Asks: 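I have a structure I would like to understand better, so I am pasting it below and will then ask my questions one at a time.
Excluded from the calculations below are hydrogen atoms, water molecules and symmetry mates; all remaining heavy atoms, backbone and side chain alike, are included. Model, not experiment: these values are computed from the prediction. In listed order, ligands and their atoms are each counted from 1.
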Amino acid sequence: MYDLIVLGAGPAGLTAGLYGARAKLNTLVIEKAVEGGQISSTTDVENYPGSLMVSGLELAITIKSQAENFGTEFVMDEVIDVELEGKVKKVICKENVYEAKVIIIATGAHPRKIGCVGEDEFIGRGVSYCATCDAAFYQDLDVYVVGGGDSAVDEALFISKFAKNVYIIHRRDELRASKSLQDRAFKNKKIHFIWNSAIEEIKGDKIVNEISIKNLKTGEITNISKKEPFGIFVFIGYVPATKVFEGKLDMEDGYILTDNNMKTSVEGVFAAGDLRVKEVRQVVTATSDGAIAAVVAEKYIAEQEGTLYEGFKN
Ligand code: NAP
C-alpha cells in the first residue's frame, strides 16, 4: 500500500508527487497519457517564474525528473473507479488496483473544443485555448476568438493589447458575457463581431492562415485566407476531468470543491489544479495547489498515525 497516490501528471499532480516523495511519503503518480496534461501541447511557456521560455513538455519532464529523484513512482494506467471512504483508499484502474492512505486528485480540466476540421491538427500552431499563454505571439497580427461568455470577451480585451484586430465569432447574435465586459468590448476599436457563426474548418501551411466560417442562420460559408498567419483562440467553456468522482465528493458544475488546504469533502482526499472550483487556472497556480495538497496530506497521515510533531498541531 502507498502512503500517497496522485491521480494525474499535469503540473499539479507532478508537483504533488515531488512534494510527497520529498516528505518521505511512499508516493505513486498515475497518469493515463503523457506527463504534463494541458501544458504538454503548449509550445512556449513564458510566464512560469524562474524560466524565461520553456516548452510545456520540457517543464513537465523537468518536474517529473525532480519527483523521480526523490523516489516518486510513476505508472501509466487509466482510472475507472475509486473507493474514497475509509482509511484505505482504492483506485481501480484498467490494468491494476492501487491502494493508499491518501489520494490527491489532479486529473485536470480540458478546454471545450469547437470540434471542427483542423482544430486538433493546429493546436499550438495557431489554435490556442489560453490568452495569457499565447496572446503575445500575435503582436500586430489578426486573431479570431470563439465564444460569447465572460472568458471569450475578457480574453478578447486582453488579446487586443497585442493583436491588430480581434474578431469575436459567436454562435448567437448576443453575448452571454456580463454587461460591463460587453460595454468595454463594444467600445474597443480593435474588436469586431461575427454573429450567428461557427468555424467550419481550420487550414494552413504549417501554421494557421485560412479558415472557413459558416453563418448558422443562412448557411452561407465565408472563406478567409491571409498571407500572414493568424490566431484562433477558443473560449467556449471548460470540461473538468472528474466524471469518475461524481457522487463521491462535493462538486459544483463538475468542479471539485476544496478548502484553502486542498481538502475535499472526504477525509484523506485532496484535489489540486484546474479541476478545483477556483478563479485562476495557470501552471503556477496548479503547481502551488499540488505543493499545498502534498504538504497537508503528509500532516494528515502523521496525525492519523499519531506521529505529528506537537508544534505542527493547530
Ligand atoms: P460560459 O459562461 O459557459 O460561456 C461559454 C460561451 O461559449 C457561451 O457564449 C456559449 O454560447 C459558447 N459556447 C458553448 N459551447 C459552444 C460550442 N460548442 N460552440 C460554440 N460556442 C459555444 O463559459 P466561460 O466564458 O468560460 O465562463 C465560465 C465561468 O467563469 C462563468 O461563470 C463566467 O462568469 C466566469 N468568468 C468570469 C470572468 C470575469 O468575471 N471577468 C472571466 C472569465 C470567466 P451561448 O451563449 O450561445 O450558450
Asks: Nearest 0.5 Å please: distance from the CG atom of N188 over to the CG atom of D183.
Replies: 12.5 Å
Asks: Roughly how far, to the nearest 0.5 Å, is the OG1 atom of T72 from the OH atom of Y2?
Replies: 11.0 Å
Asks: With heavy atoms under 4.0 Å as the rule, classify the contact between D150 and ligand 1 as side chain, backbone, both or neither.
Replies: both
Asks: Give the C-alpha distance, both sets of side-chain angles, the deciding distance and a yes or no for salt bridge (charged side-chain N to carboxylate O under 4.0 Å, His left out) between D77 and K94.
Replies: CA-CA 6 Å; D77 211 339; K94 273 191 175 160; over 6 Å; no
Asks: Is a donor from one side chain sitting under 3.5 angstrom from an acceptor on the other, for N165 and D142?
Replies: yes
Asks: Under 3.5 Å between some N or O of ligand 1 and some N or O of R172?
Replies: yes
Asks: Return the closest protein heavy atom for atom 16 (C) of ligand 1 as residue, atom name and distance.
Replies: R171 NH1, 3.4 Å
Asks: Is a salt bridge present between K113 and D120, judged by a nitrogen-to-oxygen distance below 4.0 Å?
Replies: yes
Asks: Decide whether an N or O pair under 3.5 Å exists between L181 and ligand 1.
Replies: no
Asks: Return the residue, atom name and 0.1 Å-rounded distance of the protein heavy atom closest to atom 23 (O) of ligand 1.
Replies: G237 CA, 4.0 Å
Asks: List the residues meeting side chain to side chain contact (heavy atoms under 4.5 Å, CB included) with E121, not counting sequence neighbours, and say none if there are none.
Replies: R125
Asks: For K64, is there an ion pair with E31 - N to carboxylate O distance below 4.0 angstrom?
Replies: no
Asks: Heavy-atom distance from atom 31 (C) of ligand 1 to the protein below 4.0 Å?
Replies: no
Asks: Below 4.0 angstrom from a heavy atom of G149, which ligand 1 atoms are there? Numbered from 1 as shown, please.
Replies: 4 (O), 6 (C), 8 (C), 9 (O), 25 (O)
Asks: Can D154 be said to touch ligand 1, with heavy atoms closer than 4.0 Å?
Replies: yes
Asks: Take atom 25 (O) of ligand 1 and look for protein heavy atoms under 4.0 Å from it; say yes if you find one, no if not.
Replies: yes
Asks: Students should be able to answer this: which protein heavy-atom is nearest to atom 2 (O) of ligand 1, and at what distance?
Replies: R176 CD, 3.6 Å
Asks: If we count only non-hydrogen protein atoms and require a distance under 4.0 Å, does atom 11 (O) of ligand 1 qualify as touching the protein?
Replies: yes
Asks: Listing request: all ring-ring contact (aromatic ring centres under 6.0 Å, His included) pairs with a residue in residues 161-190, at least two apart in sequence or in separate chains.
Replies: Y144-Y167, F158-F162, Y167-H192, F186-F193
Asks: Distance to 0.1 Å, residue and atom name: give those for the protein heavy atom nearest to atom 28 (C) of ligand 1.
Replies: S151 OG, 4.4 Å
Asks: Side chains of E298 and Y19: do they bring a donor and an acceptor to under 3.5 Å?
Replies: no
Asks: Looking at H170, which atoms of ligand 1 are within less than 4.0 Å of one of its heavy atoms?
Replies: 9 (O), 11 (O), 45 (P), 46 (O), 47 (O)
Asks: Name the closest protein heavy atom to atom 7 (O) of ligand 1, giving the residue it belongs to and the distance to 0.1 Å.
Replies: I236 CA, 3.3 Å
